[in-house]
Amino acid sequence: MANAEPAVAIRHLSKSYRRGGQKVVVLEDMSFDIQAGDFVALMGPSGSGKSTLLNLIAGIDRPDQGELRIGGIDINVLSESELADWRARHVGFIFQFYNLMPVLTAFENVELPLLLTELNARERREHVQLALDMVGLADRVTHYPSELSGGQQQRVAIARAIISDPTILVADEPTGDLDRVAAEDILALMERLNRELGKTIIMVTHDPQAAQRARSIKHLEKGMLVD
Amino acid sequence: MTIPLFYSLRNLWARKLTTVLTAAGMALVVFVFSAVQMLDTGLRQTLIATGQEDNIHVTRRSSNAEISSIVDRQQAAVIETQPEIALDANGVRLVSKEVVVLITLPKRETGVATNVTTRGIGLQGFALRPQLQIVAGRSFQPGASEVIVGSSIAQRFAGAAIGSQLRFGGREWRVVGHFAAKGSAYDSELWVDADQLQQAFRRNAWSAVVARLADAATLPAVQARLSEDPRLTLDIQSEQRFFEGQSKALSNFISYLGMTLSIIFSIGAMIGATITMYAAVATRTAEIGTLRALGFRRSSILIAFLSEAVFLGLVGGVVGVMFASLMQLVHISTLNWQSFSELAFDFVLTPKIIATSLAFALMMGLLGGFLPAVRAARMAIVDALRAV
Ligand SMILES: Nc1ncnc2c1ncn2[C@@H]1O[C@H](COP(=O)(O)OP(=O)(O)O)[C@@H](O)[C@H]1O
Ligand SMILES: [Mg+2]
């Protein structure tokens with residue numbers, strides 16, 4: 001089981017944005033590893049670059065400099081379409097506002113990532129049933145997002161994130177829009193995914209209680225790690 | 001695999017009102033587009049049905065219309081004696097020397113005096129037009145001032161009832177029968193005895209000579225021989241070609257007007273579709289970002305939004321064609337400028353018109369949806385996701 005290769009290896013990563021001709025440095029020369037099976041909470045004040053870092057790890061944004069190896073793959077060298085395929089196979093996304101397609105049922109939302117695989121309709125149905133079962137929504141398959149509570153929507157989103165068995169799960173403030181009870185529920189589910197299924201999870205949060213659920217916590221301040 | 005089509009369709013369904021309004025705009029354009037073609041097709045079919053394939057039709061060269069044509073006795077005699085002309089059962093040559101004049105009759109509903117083509121035919125005139133049938137009363141007696149009336153005229157004009165009198169050419173003519181000619185231009189004519197019409201209008205020449213060829217394939221040979229004859233300055237065509245030519249001016253007008261209207265309207269409808277689709281892209285920006293994050297490519301996003309726009313066009317197209325098909329119930333009677341007389345015809349819907357109208361509608365959807373779909377596909381994922 002023990003894999004020498006870390007799930008995420010970051011070396012000298014830099015990212016800046018241009019705003020009105022002015023360069024805003026968001027991440028500066030950052031290096032760290034995340035081991036496979038870890039559950040990392042990224043904490044830090046608003047604007048410290050947490051989301052930017054998570055987006056780079058998830059391959060939906062490109063760094064200015066530095067190296068990004070996820071599951072042994074250098075994602076910097078991938079072309080845009082290769083990167084899209086890579087995300088489909090290796091990254092599960094959990095968003096603050098769930099980001100489900102309102103016109104699709106819970107089942108169809110969870111099935112979406114599988115449309116990018118070779119699985120046939122019957123195999124897809126089995127996978128989706130299993131995933132919805134795991135998040136406790138087996139009886140909500142035909143519901144539309146608008147017919148579900150926030151916590152239930154986030155559980156559908158988690159089912160969608162794990163459906164293709166990705167290398168890493170990235171979650172940006174997954175409980176940010178939920179009440180305490182629903183938030184606890186979601187965190188417990190994520191903890192289970194990590195402990196029982198060995199999922200590697202990187203979660204951005206500014207909620208210390210949420211961070212307690214993680215195995216390790218990384219603090220960001222002004223684009224740098226402070227330990 | 002790409003984003004499933006039902007994702008696009010359900011989004012259209014989710015914003016029903018906008019979808020209906022946008023599709024209605026397209027439907028209107030498609031309605032105009034197909035109705036105009038139906039009209040043009042109806043006109044052509046009417047005039048093509050008027051001519052028989054193996055009849056030749058002779059008029060003065062470049063006269064364009066029978067009423068402005070003169071074929072004198074000597075010329076008519078040359079035509080009559082062509083060896084290719086067929087004989088009837090009694091061995092008589094199938095030739096009809098005809099006089100065509102315009103008279104005015106008041107329309108029944110409006111009372112407006114309208115030009116009506118009146119044709120004086122020779123004895124063989126009926127044999128040459130097998131599509132023509134007496135449907136009420138009887139035919140005129142040769143030598144009598146009697147008239148038979150085509151079915152469109154009988155319906156639309158006052159004083160065309162059997163037994164009534166029509167006054168033209170300085171005399172009274174008794175209506176003795178009605179005829180139907182399978183929706184051809186003859187349905188919009190009055191027919192009388194050629195000699196009587198010549199006398200009434202003091203003509204001593206003919207307007208046209210119609211004859212049946214024993215073999216339609218000999219037409220080029222007859223045309224070649226007659227066009228070399230210096231005594232003749234005549235146009236010799238198949239009857240079908242002649243009547244097809246009679247539709248040209250009106251047909252061109254309908255086509256140009258229809259195309260111009262369709263193009264102008266379609267610009268409006270496409271702008272409507274573009275605005276609708278831009279709004280759809282704007283409200284679904286986060287969805288687009290999410291789909292891209294999940295691994296769907298830019299091309300999938302492009303196709304999903306194009307499909308949505310094309311389906312809008314399809315709905316507009318189907319509705320437009322459906323309304324246009326109702327136009328088949330409408331009969332048109334209008335002035336054909338080439339013959340200066342009334343001509344009745346229908347809107348005719350053909351599979352080709354349905355196909356081109358739907359293709360036109362799909363194209364409007366495609367063009368209207370193009371820019372919004374490109375915008376959707378070009379978004380950067382992180383920017384799109386930020387728009388919650
Ligand atoms: N696309 C962008 N364009 C310009 N500035 C950006 C962009 N994305 C993030 N930033 C800036 O980068 C900094 C870090 O943002 P972010 O990573 O979202 O912070 P956090 O998630 O820690 O609150 C902020 O100052 C933000 O304004
Ligand atoms: Mg953030």
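Not measured: the values here are computed from a predicted model. Here is how names work: the chains are called A, B, and so on, in the same order as the sequence lines, proteins then strands, and each is numbered from 1. Only heavy atoms go into these numbers, but all of them, side chains included; no hydrogens, no water, no symmetry mates.
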Could you tell me which residues in residues 7-19 of chain B have at least one non-hydrogen atom under 4.5 Å from a non-hydrogen atom of chain A, sorted by residue number?
B/Y7, B/R10, B/N11, B/A14

Which bit of A/E108 is near chain B, if near means a heavy-atom gap under 4.5 Å: side chain, backbone, both or neither?
side chain

For A/Q96, which atoms come within 4.5 Å of any heavy atom of chain B: side chain, backbone, both, or neither?
neither

Lys/Arg N to Asp/Glu carboxylate O, A/D185 vs A/R180, below 4.0 Å:
no

In terms of heavy-atom proximity below 4.5 Å to chain B, should A/Y98 be classed as side chain, backbone, both, or neither?
neither

Kindly say whether the aromatic ring centers of A/F95 and A/F93 come within a distance under 6.0 Å.
yes

Please find out if less than 6.0 Å separates the ring center of B/F33 from that of B/F360.
yes

What I want to check is whether the side chains of A/S14 and A/D29 have a donor and an acceptor closer together than 3.5 Å.
no

Could you look at A/R160 and say if it's the side chain, the backbone, both or neither that has a heavy atom under 4.5 Å from chain B?
side chain

Members of residues 58-79 of chain A whose heavy atoms come closer than 4.5 Å to chain B
A/I60, A/D61

Quick one about A/S164 and A/R89 (side-chain donor to acceptor, distance below 3.5 Å, no hydrogens or angles considered), yes or no?
no

Test side-chain hydrogen bond (donor to acceptor under 3.5 Å, both in side chains), reference A/E126, set A/Q129, A/R124, A/R122, output is A/R122

Below 4.5 Å from any heavy atom of chain A, which atoms of B/R284 appear? Answer side chain, backbone, both or neither.
neither

Going by atom types alone, do B/T290 and A/N99 pair a side-chain donor with an acceptor below 3.5 Å?
yes

Say whether, by atom type as modelled, one donor and one acceptor occur between the side chain of B/R292 and the main chain of B/L385 under 3.5 angstrom.
no

Residues A/K199 and A/D165 bridged, charged N to O under 4.0 Å
yes

Please check this pair: side chain of A/R11 against backbone of A/S31, looking for a donor-acceptor N/O pair closer than 3.5 Å.
no

Interatomic spacing from OG in B/S299 to CG in B/L306 - rounded to 0.5 Å
11.0 Å

Criterion salt bridge (charged side-chain N to carboxylate O under 4.0 Å, His left out) on A/E80 and B/R298, from CA distance to verdict
CA-CA 9 Å; A/E80 187 181 278; B/R298 289 186 195 275; 2.5 Å; yes

